[in-house]
Amino acid sequence: MATVSKVLILGGTGEAVALAQALDAAFGPALAVVTSLAGRTKAPTRPLGDIRVGGFGGVPGLTQYLRDGGIDAVIDATHPFAARITANAVAACAATGVPRLRLDRPAWTPAPGDDWRLVPDLHAAAALLPALGGRAFLTVGSSDLGPFKEVPDVRLWARMIEPPAPEDLPKACTVIQGRGPFSLADEEAFLRENRIDILVTKNSGGAAAAAKLTAARGLGLPVVMVDRPPSPPGDSVPTAEDAVEWLRPLVP
Ligand code: NAP
C-alpha cells in the first residue's frame, strides 16, 4: 500500500480548519499538511500548516499541482455547495491515482414543528417567495443573490461574510455582514425585530449556522431549504476525526 507523507486539504470551511489541527495532533512532523483556499474571503480563519490561496486552473491545473507538489492524498473538506472544486478533485485524483477522501458535514434534517419547503436550487427558492410572504431573510453566499434580483414585492435581508458585488444586489435588500456561529437568542431577536416571515437557506448542515432553523421553528416561519448538489463518488466521512482514521493506516 502506498504511504502518505504529504496531504492536500481543499478548504474554506470550519471542518477544514479542524482537520488541519487534528492531523497535526495525530501525526506531527510525519505528515506535511497544505490547506488550499479559494481566496474569496478577505480574512479567512487560518488553519495550521502550510496554506496556498487561489484557483488551480481547473482539472489540468489541479492535476499538475498534485504531481508537482508531491501530494500523496487529498481530503476534500470544501463546502457542500462547492460542487465545481469537488468535481475537479474527483477528476484530478483519478488522473493521478492520488487517494481522495470527502469530508462532508451531515445535512440538516427537519425536526417536528419545522415547515420546510424543499427546492432544488436558488432560482426555485426565489420563485417561491412571493407566495409565502413579504419579508424574507436570506442566509446565502455573496455570489448567491443573482436569482433574487427580480423577485417582486418581497423585502429582503441577506446575511453573508463578504459584501456582494453592487450589480448583484437586489433593489429592496439590506445586506448584513456576519460570520457564524450565531446564537439562538440573536437569531430570534433578528427575525422578530425585522418581522421576517420567510427564511431562505442552503442545506449547508453543521452546528455553526443551525440556530436560525430552531428560531424559525419557534416562530412558526416557513423555511425555504435549498437541497445539496449530489455527493461525489468514493470514500466520505462526516468529521475531521473520521478523516484522521482514514489516513492512519497510510501514514508511516
Ligand atoms: P466552486 O464553485 O466549487 O469552485 C469554483 C472554483 O473556485 C474552482 O473551480 C476552483 O478554481 C476555485 N476553488 C474553489 N475552492 C477552492 C479551494 N479550496 N482551493 C482552491 N481553489 C478553489 O466553489 P465555491 O462554491 O465558489 O466556494 C469557494 C470556496 O468557498 C470553497 O473553498 C468553499 O469551501 C468555500 N465556501 C463555499 C460556500 C458555498 O456556499 N459555495 C460556503 C462557504 C464556504 P480552479 O478551477 O481555478 O481551480
Side-chain angles (χ1 to χ4, degrees), residues 7-20 33-47 49-69 71 73-93 95-96 98 100-108 119-123 125 138-148 158-165 168 177-182 200-210 212 224-232 236 240 243:
V7 66
L8 173 67
I9 299 174
L10 297 171
T13 58
E15 286 75 13
V17 174
L19 175 61
V33 178
V34 184
T35 298
S36 175
L37 302 174
R40 306 272 155 73
T41 308
K42 285 200 189 75
T45 310
R46 292 184 72 78
D50 290 337
I51 299 171
R52 68 157 302 284
V53 181
F56 295 95
V59 176
L62 181 53
T63 303
Q64 198 64 43
Y65 180 88
L66 298 181
R67 291 202 172 111
D68 294 350
I71 302 295
V74 171
I75 302 182
D76 173 7
T78 57
H79 190 270
F81 281 80
R84 188 138 29 114
I85 187 69
T86 288
N88 290 356
V90 171
C93 288
T96 52
V98 170
R100 176 186 52 83
L101 176 70
R102 174 73 174 132
L103 169 53
D104 205 10
R105 64 174 89 134
W108 292 315
V119 292
D121 54 38
L122 291 161
H123 288 278
L138 313 180
T139 58
V140 296
S142 53
S143 56
D144 292 333
L145 285 178
F148 298 93
R159 184 173 67 199
M160 50 198 56
I161 297 174
E162 295 293 333
D168 289 343
Q177 276 184 258
R179 190 199 300 251
F182 303 100
V200 180
T201 182
K202 301 193 282 189
N203 195 338
S204 301
K212 62 191 173 197
V224 178
M225 182 65 73
V226 181
D227 204 2
R228 291 180 169 197
S231 300
S236 175

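Both ligands and their constituent atoms are indexed starting at 1 by order of listing.
- The contact set between ligand 1 and Asn88, taken as ligand atoms under 4.0 Å from a residue heavy atom, comprises 9 (O), 46 (O).
- Within the listing of ligand 1, atoms 45 (P), 46 (O), 47 (O), 48 (O) sit less than 4.0 angstrom from a heavy atom of Gly58.
- Nearest to atom 1 (P) of ligand 1 among the protein's heavy atoms is Arg84 CB, 3.8 Å.
- A donor-acceptor pair under 3.5 Å is formed between the side chain of Thr13 and the backbone N or O of Ala77.
- In this structure, Ile85 and Phe56 have side chains that are in contact, with non-hydrogen atoms separated by less than 4.5 Å.
- In this structure, atom 32 (O) of ligand 1 lies nearest to the protein heavy atom Gly11 O, 2.8 Å.
- Side-chain atoms of Leu138 and Phe148, non-hydrogen and from C-beta on, do get closer than 4.5 Å to each other.
- Heavy atoms of Leu37 found under 4.0 angstrom from ligand 1 belong exclusively to the backbone.
- Near Ser36, meaning under 4.0 Å from any of its heavy atoms, are these atoms of ligand 1: 17 (C), 18 (N), 19 (N), 20 (C).
- Put simply, atom 46 (O) of ligand 1 has protein non-hydrogen atoms near it, under 4.0 Å away.
- The residue Met160 has no part lying near ligand 1, judged by heavy-atom distances below 4.0 Å.
- Atom 48 (O) of ligand 1 has Phe56 N, 2.7 Å as its closest protein atom, hydrogens excluded (heavy atom only).
- Of the protein's heavy atoms, Ala38 N, 3.6 Å lies nearest to atom 17 (C) of ligand 1.
- Nearest non-hydrogen protein atom to atom 23 (O) of ligand 1 is Ala82 CB, 3.6 Å.
- At least one donor-acceptor pair closer than 3.5 Å links the side chain of Gln177 to the backbone N or O of Ile161.
- Counting heavy atoms from C-beta on, the side chains of Asp144 and Met160 never come closer than 4.5 Å.
- You'll find the side chain of Pro232 reaches within 4.5 Å of the side chain of Arg100, heavy atoms only.
- With a 4.0 Å cut-off on non-hydrogen atoms, Ala83 touches ligand 1 through its backbone and not its side chain.
- Side-chain contact check for Ser143 versus Glu162: every heavy-atom pair is 4.5 Å or farther apart.
- Using a distance-only test at 3.5 Å, with no hydrogens or angles considered, no donor-acceptor pair links the side chain of Arg52 to the main chain of Ser36.
- Near Lys202, meaning under 4.0 Å from any of its heavy atoms, are these atoms of ligand 1: 39 (C), 40 (O), 41 (N).
- Annotation: Arg52 places no N or O atom under 3.5 Å from an N or O atom of ligand 1; distance criterion only.
- In terms of protein heavy-atom proximity, atom 44 (C) of ligand 1 is nearest to Gly12 O, 3.3 Å.
- Not a single heavy atom of Pro80 sits closer than 4.0 Å to an atom of ligand 1.
- The nearest protein atom to atom 6 (C) of ligand 1, hydrogens excluded, is given as Arg40 NH2, 3.7 Å; this is a heavy-atom distance.
- Between Arg105 and His79, some side-chain heavy-atom pair lies under the 4.5 Å cut-off.
- Within the 3.5 Å criterion, the main-chain N or O of Met225 finds no donor-acceptor partner in the side chain of Asn203.
- With hydrogens left out, the protein atom closest to atom 43 (C) of ligand 1 is His79 CD2, 3.3 Å, a heavy atom.
- Using a 4.5 Å cut-off on side-chain heavy atoms (C-beta onward), Arg102 and Thr78 make contact.
- Under a 4.0 angstrom heavy-atom cut-off, Gly61 registers as lying outside contact with ligand 1.
- You'll find the side chain of Leu8 reaches within 4.5 Å of the side chain of Leu62, heavy atoms only.
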